[in-house]
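Just follow the structure's listing: the first ligand is 1, and inside any ligand the first atom is 1.
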Amino acid sequence: MGNTEISSEISYSPAVAKATAPFYERVRNVIPEIEWPVHAGYVDAIHRLKRERNAVVLAHNYQTPEIFHCISDIVGDSLALARQAAETNADVIVMAGVHFMAETAKLLNPEKTVLIPDTRAGCSLAESITGADVRILREKHPGVPIVTYVNTSAEVKAECDICCTSGNAIKIVESLGSDQVIFVPDEFLAKYVARNTDVEIIPWRGRCEVHERFSAAELDTYRNSHPDLFILAHPECPPDVLDTADYVGSTSQMISYVGRERPKNVLLVTECSMSDNVAAANPDINFVRPCNLCPHMKRITLAKIYRSLDTLTPRVEVAPKVAAQARVAVESMLAVPC
Ligand code: 13P
Ligand code: SF4
């Protein structure tokens, strides 16, 4: 259900306009005024339901501005969402992100209700590897520790020693004190780590379907037309893209860099809703925006978040045995100071 299929309980009225006006101010420069009535009824209703359910909405940096800026309690990269999920006192967690993020929140909060507004919100990296694949890798490389990017299913995490995110991958690999590490499933993140550590990295062949589409040639075109362009890239991008970039980091690391250094003209080489979110908060910075959308992240809409909070479905569940083993991998990551 997209926002166009408006629930009969949702309407736009002067009272809704007044109640949601402070939220509109946050997104004014990326959402035209004519579009706000489509979102405002849901924004108002979601805030009411969150209070009734003692719920929090966790939103990844790739969510659209009306979700990211107007109804979320906690926003961030995969690492921040995992950390905050471990600390919340809410009874209900709604993950405005993809399925592996909701599973991670459930692993850390087995007694809480964790909702994913659309169960089809997957990830090409998570799809690229199974628990059986990891068992084969372990047999092939006995004694070599296995690091899994957090973009995997609980079943895969359960077979690995420790998780990492794009924000802490190098530190996690080096924390193991091993000369060799198996790193799954993102081959480009594995290459990025290998180039920045002395540890020998044994990679898998997964790719992010969003970041693999960027090319150095494309970035050169933007640089030629904007000579003072500052390019920030996510480490899920191909190596030649990272070579062309001025800065490489996780989504939150990119956002912090832009907020701190305030380059005048910026290209964020990552999912394109993030540029909208950063532009909303930084109206004085000019963003060049090639638009590669993540189809999985985009399955999450205000309408589905409303429906999910209303019905307390779909719930994320992980089989207890898998959850117990996968939790060890996630908690081991959170225990490493980063
Ligand atoms: P981070 O937000 O952790 O950098 O991850 C990017 C991503 O692709 C999540 O799906
Ligand atoms: Fe997965 Fe890439 Fe989408 Fe992130 S952007 S959820 S890594 S497909």
Query raised in the report: Does the N or O separation between Ser166 and ligand 1 drop below 3.5 Å for any pair?
Result: yes

Identify every side-chain donor-acceptor pair in residues 67-80 under 3.5 Å, counting partners at least two apart or on other chains, and give the distances.
from	atom 1	to	atom 2	distance (Å)
His69	NE2	Asn277	O	3.0
Ser72	OG	Ile67	O	2.7
Asp73	OD1	Lys50	NZ	3.1
Asp73	OD2	Lys50	NZ	3.0
Asp73	OD2	Val57	N	2.7
Asp77	OD1	Leu79	N	3.3
Asp77	OD1	Ala80	N	2.9
Asp77	OD2	Ser250	OG	3.0

Query raised in the report: Is there side-chain contact between Val134 and Glu155, with heavy atoms separated by less than 4.5 Å?
Result: no

Query raised in the report: Which ligand 1 atoms are under 4.0 Å away from a heavy-atom of Asp77?
Result: 1 (P), 2 (O), 3 (O)

Would you list the atom pairs, donor with acceptor, under 3.5 Å between side chains in residues 313-322 and any protein atom, with sequence neighbours excluded?
from	atom 1	to	atom 2	distance (Å)
Thr313	OG1	Thr311	OG1	2.7
Arg315	NE	Leu312	O	2.9

Query raised in the report: Counting each atom of ligand 1 from 1 as listed, which ones have a heavy atom of Glu236 under 4.0 Å away?
Result: 6 (C), 7 (C), 8 (O)

Query - Asn151 to ligand 1, any heavy atom closer than 4.0 Å - result: yes

Requested in this report: Compute the ring centroids of Phe23 and His39, then answer whether they are less than 6.0 Å apart.
Outcome: no

**Report entry** Element-labelled atoms of ligand 1 that are located less than 4.0 Å from some non-hydrogen atom of Ser250
**Finding:** 4 (O)

Query raised in the report: Considering only protein heavy atoms, which is closest to atom 3 (O) of ligand 1, and at what distance to one decimal place?
Result: Ser78 OG, 2.9 Å

Query raised in the report: Rounded to the nearest 0.5 Å, how far does CG of Leu58 lie from CG of Leu115?
Result: 11.5 Å

Query raised in the report: So, Cys208 with Cys123, SGs under 2.5 angstrom?
Result: no

Query raised in the report: Can you list the atoms of ligand 2 that are under 4.0 Å from a heavy atom of Tyr62?
Result: 5 (S)

**Report entry** Sidechain N-carboxylate O distance under 4.0 Å for Glu25, Arg28
**Finding:** yes

Report task. Indicate yes or no: does Glu87 engage Arg83 in a salt bridge with an N to O separation below 4.0 Å. Result -> no

Query raised in the report: Should the pair Glu187-Lys191 be classified as a salt bridge under the 4.0 Å nitrogen-to-oxygen rule?
Result: yes

Report task. Identify which of Met297, Met254, His234, Met101 has a heavy atom lying nearest to atom 6 (C) of ligand 1. Result -> His234

Report task. For the pair Tyr24 and Trp36, name the ring-plane relationship: parallel under 30°, tilted 30 to 60°, perpendicular over 60°. Result -> tilted

Query raised in the report: Can Gln253 be said to touch ligand 1, with heavy atoms closer than 4.0 Å?
Result: no

Requested in this report: Would you mind counting protein N, O or S atoms that sit less than 2.8 Å from atom 2 (Fe) of ligand 2?
Outcome: 1

Report task. State whether the shortest distance between N or O atoms of Thr165 and N or O atoms of ligand 1 falls below 3.5 angstrom. Result -> no

Requested in this report: Please state whether the rings of Phe230 and Tyr257 are parallel, tilted or perpendicular, taking 30° and 60° as the class boundaries.
Outcome: parallel

Query raised in the report: Do Thr251 and ligand 1 have an N or O pair less than 3.5 Å apart?
Result: yes

Query raised in the report: Quick one: hydrophobic cluster around Leu267, which other residues, with the 4.5 Å side-chain cut-off, linked directly or via members?
Result: Phe214, Leu219, Tyr222, Leu229, Ile231, Val241, Val269, Val288

Query raised in the report: Just distances here: any N/O of Asn61 and N/O of ligand 1 closer than 3.5 Å?
Result: no

